[in-house]
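First the structure, in the form of structure tokens, and then the observations on it.
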Amino acid sequence: MSPSATHTHDEHALVAHHFENLEQQRGANLLGMWLFLSSEVLFFGGIFTAYAMMRFSSTNNGFALGSSQLNAVVGGINTAVLLTSSLTMALAVWAAQTKHRRLLQLFLSLTLAFGLAFLVFKGFEWYHEYEVSLVPGPTFGSKLAEKGDGTVIPAETVKTMQMFFVFYFSITGLHALHMVVGLAVLAVQLVLCLQSDFGVRDYGPIEVFGLYWHFVDVVWIYVFPLLYLMRA
Amino acid sequence: MTTVAVEPRPQPFEPRSIKRADYLNISYGVRSWLLTLDHKRIAILYLISISIFFFVGGVFAAVVRLELATPKGDLLQSDTYNKMFTLHGVVMLFFFLIPAIPATLGNFLVPLMIGAKDLAFPRLNLMSWYVFMIAGMFGIYTMLAGGVDTGWTFYTPLSPKYANSQVMTAALAALIAGFSSILTGLNFMVTIHKMRAPGLTWFRLPLFVWSQYATSLIQILGTPVLAVTILLVAAERMLHIGIFDPALGGDPVLFQHLFWFYSHPAVYIMILPAMGVISELVTTFAKKVIFGYSFIAFSSVAIAVLGFLVWGHHMFVSSQSPYAGLIFSFLSMLVAIPSAIKVFNWTATLWRGSVSWDTPMLYAFGFIGLFTIGGLTGLFLACLATDVHLTHTYFVVAHFHYIMVGGAIMAYLGGLHYWWPKITGRMYPEFWAKFAAIIIFVGFNLTFFPQFVLGYQGMPRRYHEYPAEFQVLNVMSTAGASILAVGYIIPAVYFIWSMKYAKVAGRNPWGATGLEWSTTSPPPADNFEKTPIVSLPPYIYSKEEATVVP
Amino acid sequence: MNADFRLLPQQASTMAPRVDALFWFITAICIFFTILVAVLLLTFAIRYRRKTEDYFPKPVVGSKVLEAAWSIGPLALVMVIFFWGASIYFDMMRPPEDALEVYVTGKQWMWHLQHSGGQREINQLHIPLGKPVKLIMTSEDVLHDFYIPAFRVKMDTVPGKYTTLWFQATKLGTFDFYCALYCGTEHARMIGTVTVMKPREYEQWLTERADRSLALQGRQLFQKLQCVTCHHPEANNRAPILENLYGRMVELEGGRNVLADESYLRESILYPAAKVRAGWRPIMPSYVGQVDENDLVRLIAFLKGLKTGQTPARVEDFPAPAVNEKEAAKDKELPKPNEQPKATDKAKDK
Amino acid sequence: MAHKPISPVTYGFIYVLLLLLTALTVYLATQGHLGVWEIPVALGIATAKTVLVGLYFMHLIHSNRLTILIVLAGVLFLVIMVMLTLTDYWTRSWLTSPQVSGAPSITQPLRAGHGSSGDGRS
């Protein structure tokens with residue numbers, strides 16, 4: 001899929017033997033990524049559907065209560081961090097297309113940095129939830145009554161809240177997994193860009209990876225309101 | 001239009017003395033196979049792996065049928081029996097039927113049929129085989145570590161909470177095999193979109209390619225839902241938290257929705273490529289253009305899309321809302337139409353043709369007959385009132401075996417015989433092939449037809465012992481299964497024999513149209529001596545003007 | 001091989017002939033089309049078999065008329081099947097109002113059945129001929145499925161909720177029932193028999209086995225579990241009075257309405273705060289773990305028959321396990337468990 | 001290159017829009033009182049953001065019909081999954097309810113139990 005290691009600018013060297021030309025190769029790679037992403041839509045879609053149905057059929061306000069345990073402002077800031085990494089990724093593709101090697105290196109590094117920042121934030125959030133006993137399991141909710149006004153949440157509402165947090169950790173976990181995979185690929189591309197004229201020679205791989213990165217961003221754009229903001 | 005891709009006349013066998021470099025002899029050694037990027041070699045890798053899985057799954061089936069010869073559970077303990085039918089289902093579905101036609105015949109033929117040098121992503125193609133094999137390892141580990149007894153459907157709360165067998169590894173095997181399936185579908189779809197030879201427009205594509213395209217759609221859009229569902233079940237089993245367990249406030253019916261959203265279309269992953277194979281066989285052996293090309297092509301896509309709208313017909317008695325049942329029943333009924341279109345068009349193609357009775361055509365006849373029965377009996381299960389009586393019984397077992405074994409495997413074997421000369425460069429022994437085809441047809445019907453009656457009588461599926469009144473039909477079924485087993489072993493033997501000893505085949509032993517027949521047998525590593533240019537629609541055998549019946 | 005062999009299943013319920021009529025209609029369609037395709041296929045294959053390799057038949061591309069015919073023809077047929085099937089299915093899903101009620105609990109790997117009079121059976125069900133019977137079913141563990149082939153009815157039992165199944169037997173005799181949904185190791189042994197009796201014999205059978213009625217057992221539980229402490233007119237409005245509750249629409253906090261059916265009663269005992277009645281505070285504790293499925297059945301049977309003025313006294317000790325005459329006398333005071341409010345009563349509350 | 005690269009200025013503009021939408025949705029969820037409209041509005045804003053990301057960052061605005069078709073196919077099948085599953089959950093209580101025709105009043109609110117929220121919300 002990726003071009004061979006030769007450093008010539010000869011198009012012929014960039015095209016795998018079974019393709020006719022670079023145009024065909026780029027088109028195929030982009031199409032492949034788009035198809036993969038439409039597959040991913042259904043992957044996340046499956047769990048979103050489950051979430052929607054459980055929420056719809058739930059008979060108490062455990063989901064809303066669960067949602068209000070999350071900090072929407074922290075989530076919002078993290079959303080902004082991820083959007084920023086999307087911007088720098090888009091700019092990296094632009095730099096590759098216009099053959100600005102230095103800028104390409106800069107923007108890829110920034111994307112990597114913002115992506116890592118997002119994960120670090122997310123990690124702190126998870127740790128906080130662990131501390132206040134919001135991780136599903138036998139001890140779930142044991143520290144709920146300590147804060148707040150001392151009112152006791154009925155047991156079955158706690159159960160529904162736990163269901164909410166099962167979804168929360170599954171969805172954010174799967175999203176984080178996609179981030180980790182993305183960051184790994186990004187790191188490889190960055191190293192290649194620092195070492196060679198990878199990217200400016202053929203912007204194809206950068207563009208294809210960019211699609212993936214933006215998609216992970218789009219998933220978060222839905223995760224954020226679905227988990228953090230539905231608290232009424 | 002420098003080259004006409006179609007060779008209207010059969011070629012005489014080429015002399016053996018000309019030694020060409022083909023994909024088989026271009027390099028030797030295990031390494032050259034395990035690291036190959038050639039779609040044809042990867043197809044062979046798949047062929048070997050799925051054949052092994054087929055026989056493993058077949059052994060499980062044989063054990064199941066042996067146990068059912070008597071009403072008492074005397075051969076096996078109940079939990080051993082449960083593991084047998086579960087493993088039979090898991091192995092046959094995820095490791096044989098789903099990859100069967102796409103990953104072997106499809107892998108070999110799609111690039112050849114569209115005049116490409118390879119699939120769009122050769123590395124991904126090899127990777128999908130390795131992913132498949134990793135899944136296979138999990139499957140084999142499951143068997144060795146004691147098996148799994150949840151049924152291939154993994155229904156909750158049985159599988160995450162109550163089963164004490166190797167549910168995790170079995171589920172992982174299905175999950176990983178799913179990824180392999182997604183990658184294959186993705187590869188095909190990009191290839192069909194981007195790699196067609198000059199002049200090969202969409203309506204000049206062979207119908208096999210159309211059916212592969214429709215199949216890929218299901219693989220790409222359906223499989224991820226299975227993946228995420230399995231992950232949720234795995235989380236539920238490992239962490240004892242979850243969304244399908246009523247004790248935790250969850251809903252087991254939700255699992256069925258998510259599961260069947262993939263697993264119903266999965267049936268079409270198996271049968272659509274089979275339909276594609278049959279379209280090729282029927283035209284070649286009738287020497288006649290296919291009747292209603294565009295109707296067959298679009299009916300494939302229609303089946304792929306409709307297949308996603310009907311999963312609820314597995315749930316009419318699951319406590320799903322009866323109103324949802326109403327909608328699902330209605331939509332399920334509609335699948336009858338594209339299926340009818342295909343059957344009638346194949347039949348009409350024979351009209352005034354020049355019909356040969358070669359082995360692949362025997363399989364095609366068998367397919368059309370058995371698929372007709374399998375498809376029509378689907379009406380009982382799509383219809384709400386009869387489904388209440390028949391679901392969860394042997395009627396369902398008979399119905400889907402008519403589709404998957406009578407349909408998909410007949411077509412797979414037919415296709416394998418048809419393209420065997422192209423794949424290996426050798427013919428197969430015609431007498432034994434015909435003999436096996438007839439044995440399989442007879443054995444199949446004897447095995448599965450009695451099960452329709454059993455189901456109507458009310459015998460539930462997945463019973464290792466049963467009331468004595470069901471014995472007569474069960475004995476018939478077991479007898480049929482032993483005939484069927486013989487029928488499957490014969491081709492395995494003569495195919496292996498043929499690779500060395502059988503008659504050498506020329507480029508085009510059947511006198512077929514299609515780009516794959518214009519290259520040598522076996523094809524060279526890059527498939528074609530030079531890129532073909534296509535100027536004609538497919539299946540043009542006669543130079544006469546085509547007529548249209550009003 | 002054995003004398004019991006029969007090709008077709010027995011028809012022993014009002015539903016069976018209706019399902020069979022549809023079954024044979026579809027079978028006729030199947031046979032017609034299978035023969036049609038087989039005959040065409042073989043005729044063409046033989047009549048036009050290949051005689052010489054040099055002959056290239058005249059190509060026929062297709063026919064719009066034929067395509068339309070074999071699309072619309074099947075469409076019309078499947079629509080007939082669809083509507084026919086749907087009409088029977090909805091009758092299957094709607095039990096008659098006056099049906100006898102039997103509670104069914106599936107568990108790995110047995111069926112536990114209880115009649116309204118408290119008579120219990122394991123893997124057996126006795127029912128009267130010619131009377132509609134409604135099974136109210138649940139499961140204690142995994143999914144099961146209650147299936148009586150001779151009656152052509154089947155329904156999954158789902159843990160955590162009630163599903164229903166009804167039938168009206170038309171033949172005396174015994175018929176097998178099965179667990180039809182795979183439920184684990186001994187799935188195949190989760191079977192039993194339905195015995196259809198003449199109504200008089202059934203009554204006799206019931207009295208012979210008369211334990212204490214379900215409702216009466218429920219009444220005892222109602223006191224034992226201290227439900228009566230709050231659900232009582234003298235309890236200073238701590239909890240709603242439950243008289244005449246069953247079958248009515250209940251207004252909830254937030255303006256929704258819910259039908260007080262078995263599922264609602266069950267949920268309200270297990271998870272009281274799930275659906276709180278308008279105007280009441282959710283102070284009731286959950287009874288998860290204190291009552292099992294059988295206790296729930298008893299409590300619900302009691303609540304279903306509870307009419308005006310029948311709430312037991314708060315101070316009354318729950319009676320010790322009593323001798324039969326005494327119990328029978330009590331039973332008379334209590335409403336018949338089968339009695340259900342008329343449909344008009346339900347409408348009134350809206 | 002099938003099309004001219006989108007200029008960095010455009011990217012910046014889109015980025016600012018995205019940040020504003022994020023701020024808006026957080027504000028509406030924490031300060032606003034939208035009631036039943038809360039979920040539709042939040043999802044609407046998310047969709048608007050997705051469209052912006054898709055059209056500009058992912059270059060859909062310059063891509064061919066095929067790519068758009070693939071995106072729509074993914075979305076369409078997701079909608080099918082949600083809607084057909086919903087037909088089950090939506091209508092489950094209809095048959096047991098005496099008021100079949102007016103049934104939505106029983107099953108309608110997405111947040112069932114909303115009304116009983118008087119209990120211990122911390």
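Letters go in sequence order (proteins before strands), and every chain restarts at 1.
The distance from atom CG of A/Leu229 to atom OH of D/Tyr27, rounded to the nearest 0.5 Å, is 14.5 Å. Going from atom CZ of A/Phe36 over to atom CD1 of D/Ile70 covers 14.0 Å, rounded to the nearest 0.5 Å.
The minimum heavy-atom distance linking D/Pro5 with A/Gln97 is given by the pair CB-OE1, 3.2 Å. Heavy atoms only, all atoms of each residue included: A/Gly76 and D/Val26 are closest at CA-CG2, 4.0 Å. The nearest pair of heavy atoms linking D/Val82 to A/Met53 is O-CE, 3.5 Å. Looking at every heavy atom in both residues, D/Leu78 comes nearest to A/Gly45 through CD1-CA, 3.3 Å. Of all heavy-atom pairs between A/Leu211 and D/Met58, the closest is O-CE, 3.3 Å. In terms of heavy-atom proximity, A/Met230 sits nearest to D/Glu38 at CA-OE2, 3.4 Å.
Donor-acceptor pairing under 3.5 Å is recorded for the side chains of D/Thr47 and A/Tyr222.
Residues D/Thr67 and A/Met33 have side chains not in contact (no heavy-atom distance under 4.5 Å, counting atoms from C-beta outward). Between A/Leu87 and D/Leu18 there is no side-chain heavy-atom pair separated by less than 4.5 Å. Side chains of D/Val71 and A/Val41 form no contact here, defined as non-hydrogen atoms less than 4.5 Å apart. Side-chain contact check for A/Phe224 versus D/Thr25: some heavy-atom pair is nearer than 4.5 Å.
Contact count against chain D (heavy-atom pairs under 4.5 Å) is highest for A/Ile221 among A/Val73, A/Leu37, A/Leu42, A/Ile221. Options A/Leu31, A/Leu91, A/Thr49 differ in how many heavy-atom pairs under 4.5 Å they form with chain D, and the most are formed by A/Thr49. Ranked by heavy-atom pairs under 4.5 Å with chain D, the list A/Asp217, A/Leu35, A/Thr84 is led by A/Thr84. Comparing D/Ile14, D/Thr30, D/Leu21, D/Leu43 by how many heavy-atom pairs each has under 4.5 Å with chain A, the most go to D/Leu43. Counting heavy-atom pairs closer than 4.5 Å to chain A, the top-ranked of the candidates D/Ala46, D/Ala29, D/Gly54 is D/Ala46. In terms of heavy-atom pairs under 4.5 Å with chain A, the best-connected choice from D/Leu60, D/Asn64, D/Ile45 is D/Leu60.
For a residue to count as touching a neighbouring chain, one of its non-hydrogen atoms must lie under 4.5 Å from one of that chain's; by this rule A/Ser86 touches chain D with backbone and side chain alike. For chain D, no part of A/Tyr228 is nearby; none of its heavy atoms comes within less than 4.5 Å. For A/Ile77, no part lies near chain D; criterion is any non-hydrogen pair under 4.5 Å.
Within 6.0 Å of the OH atom in A/Tyr51, the count of heavy atoms belonging to other residues, nucleotides or ligands exceeds 12. Surrounding CZ of A/Phe140 are more than 12 heavy atoms belonging to other residues, nucleotides or ligands, all under 6.0 Å away.
Using the six-membered ring where Trp is involved, D/Phe57 and A/His214 have ring planes that are tilted, between 30° and 60° apart.
Sorted by first and then second residue, the pairs that involve residues 30-45 of chain A and meet side chain to side chain donor-acceptor pair (under 3.5 Å), not counting sequence neighbours, are A/Glu40-A/His178.
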